[in-house]
Peer 1: 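Before I ask anything, here is the structure I am working with.
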Amino acid sequence: MKIHVEYYAILKEQRGCSQENLDTDAATPRALYASLKGDHAFTLEDSDLKVAVNEDFASWDDALEEGDTVVFIPPVAGG
Amino acid sequence: MKIHVEYYAILKEQRGCSQENLDTDAATPRALYASLKGDHAFTLEDSDLKVAVNEDFASWDDALEEGDTVVFIPPVAGG
Amino acid sequence: MESPFWITESPIEPTALKKTLQGAASGAFASFEGWVRNHNEGKQVNALEYSAYKPLAEKEGARIIEEAKEKFAVEAATCVHRVGPLEIGDIAIWVGVSAPHRSASFEACRFIVDEIKARVPIWKREGYQDGLTDWINCPSQELRKPL
Amino acid sequence: MESPFWITESPIEPTALKKTLQGAASGAFASFEGWVRNHNEGKQVNALEYSAYKPLAEKEGARIIEEAKEKFAVEAATCVHRVGPLEIGDIAIWVGVSAPHRSASFEACRFIVDEIKARVPIWKREGYQDGLTDWINCPSQELRKPL
């Protein structure tokens, strides 16, 4: 399944890029993050993050669909 | 005893002037206001007002002294 | 040190006032402006005038700012109140507070506005469409005069 | 209708923003500015950068403003957040709320700032005098890179 992932803030720094297209077996954002965390040694746990799918907040166990854009959201610090 | 009185806001309007010098027997601001209220038909009771003597808040029963400046302060409405 | 509270007859200039509160240690700035409204308690306001007992107003206003600095972790605070005839939309009061953190800036700003409205000898007279006027917070007069 | 919340890379101009909130029925205007400080948690900050996930940040920010309008008797409210490299003293966030009465203006302004800090995907990276950097609110990294 083809998934588009965008990286921001500390994840962008740790991944070394701001976005990529993946071909993945991960059925949910949770599984996708687990796989990426293993590949890239991300320091944040999924419990530190929120997740967005297609430009809105989503649940970690929602089913991913072909062509979805996924963004993992590190702890925010605006203001 | 010579006392200087300044009038502001509704009291200035009801008195028809902004200040005057009085020769009065009133020993306290309370007595002075009672006398002025009778003379000029002020609509406010002393319980509606605060009083200042010589540019700071004072008590209604403080003793007035020769040359004091007295200001009766209607309910405020700044802001 | 200049007084942190004063009465003015000139239009209030928030941008210039804010600059006086800027310090490199301040991360938060809260401010409040009181604007002249076109209505009050259901009546159409078309003229308005503030007056003050200036020496005591400035003394009491400065005390309020000092109290705010004692109560809250504030960097700097200023308040200006305008008097004289004002028009709809004019700024009657400006309060600005800078602080290291936002909580203190909000709380001090609110405290200053509330205390000034309650304690400082400033009065407001409104003129209405029917030609009558009211001294706000004073019992209504039998005889009303045009503003 | 324009969105009441947006992300910008340009300097924030409070005076122009405030004008958009003026209405003849509003008597109270509360605003908040977040300024870049020269220190954070005891460390000297000499560089700072905000970044945002812009589409979701603007969507979530607009939701917060709508919530504020539902919760408080507000006339109008706007918030702008700046991203990119900022310098000490720059405005990172501006929130302005006009309302008929001061309570609602203060409470809505505070609510908006608090919710934006908690919910909107914006990140801050600080650079310190020792050359190290931190992503604020993220566990420290072992390997730190210059900003």
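Every value quoted in this text rests on a predicted model; they were computed, and no experiment measured them. First the proteins, then the strands, lettered A, B, ... as listed; each starts at 1.
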Peer 1: Tell me whether C/E41 at atom CD has more than 12 heavy atoms from other residues, nucleotides or ligands lying less than 6.0 Å away.
Peer 2: no
Peer 1: Can you give me the closest heavy-atom contact between B/P74 and C/C138, atom names plus distance?
Peer 2: CB-SG, 4.1 Å
Peer 1: Using non-hydrogen atoms and a 4.5 Å limit, figure out which bit of C/E60 sits close to chain B: side chain, backbone, both or neither.
Peer 2: side chain
Peer 1: If we ignore hydrogens and angles and just use 3.5 Å, is the side chain of C/N137 paired with the main-chain N or O of B/V76 as donor and acceptor?
Peer 2: yes
Peer 1: More than 12 heavy atoms of other residues, nucleotides or ligands under 6.0 Å from NZ of B/K37: is that the case?
Peer 2: yes
Peer 1: About how many Å separate CD of B/E13 and OG1 of C/T133, when rounded to the nearest 0.5 Å?
Peer 2: 5.5 Å
Peer 1: Which bit of C/R82 comes within less than 4.5 Å of chain B, counting heavy atoms only: side chain, backbone, both or neither?
Peer 2: neither
Peer 1: Is it true that a side-chain atom of C/W123 and a backbone atom of B/G78 form a donor plus acceptor pair closer than 3.5 Å?
Peer 2: no
Peer 1: Would you mind checking which part of C/I122 comes under 4.5 Å of any heavy atom in chain B, side chain (CB onward), backbone (N, CA, C, O), both or neither?
Peer 2: both
Peer 1: Which atoms of C/Y50 come close to chain B, meaning under 4.5 Å heavy atom to heavy atom: side chain ones, backbone ones, both, or neither?
Peer 2: side chain
Peer 1: Mark yes or no for whether B/Y8, through its side chain, and C/P121, through its backbone, hold a donor-acceptor pair below 3.5 Å.
Peer 2: no
Peer 1: Under 3.5 Å, side chain of C/K59 to main-chain N/O of B/E55, donor-acceptor pair present?
Peer 2: yes
Peer 1: Within a radius of less than 6.0 Å around CG of B/D39, do more than 12 heavy atoms belonging to other residues, nucleotides or ligands occur?
Peer 2: yes
Peer 1: Chain B heavy atoms under 4.5 Å from C/A52: which part of the residue, side chain, backbone, both or neither?
Peer 2: backbone
Peer 1: Heavy-atom distances under 4.5 Å only: say whether C/V120 touches chain B with side chain, backbone, both or neither.
Peer 2: backbone
Peer 1: Which atoms of B/I73 are under 4.5 Å from chain C, going by heavy atoms: the side chain, the backbone, both sets, or neither?
Peer 2: both
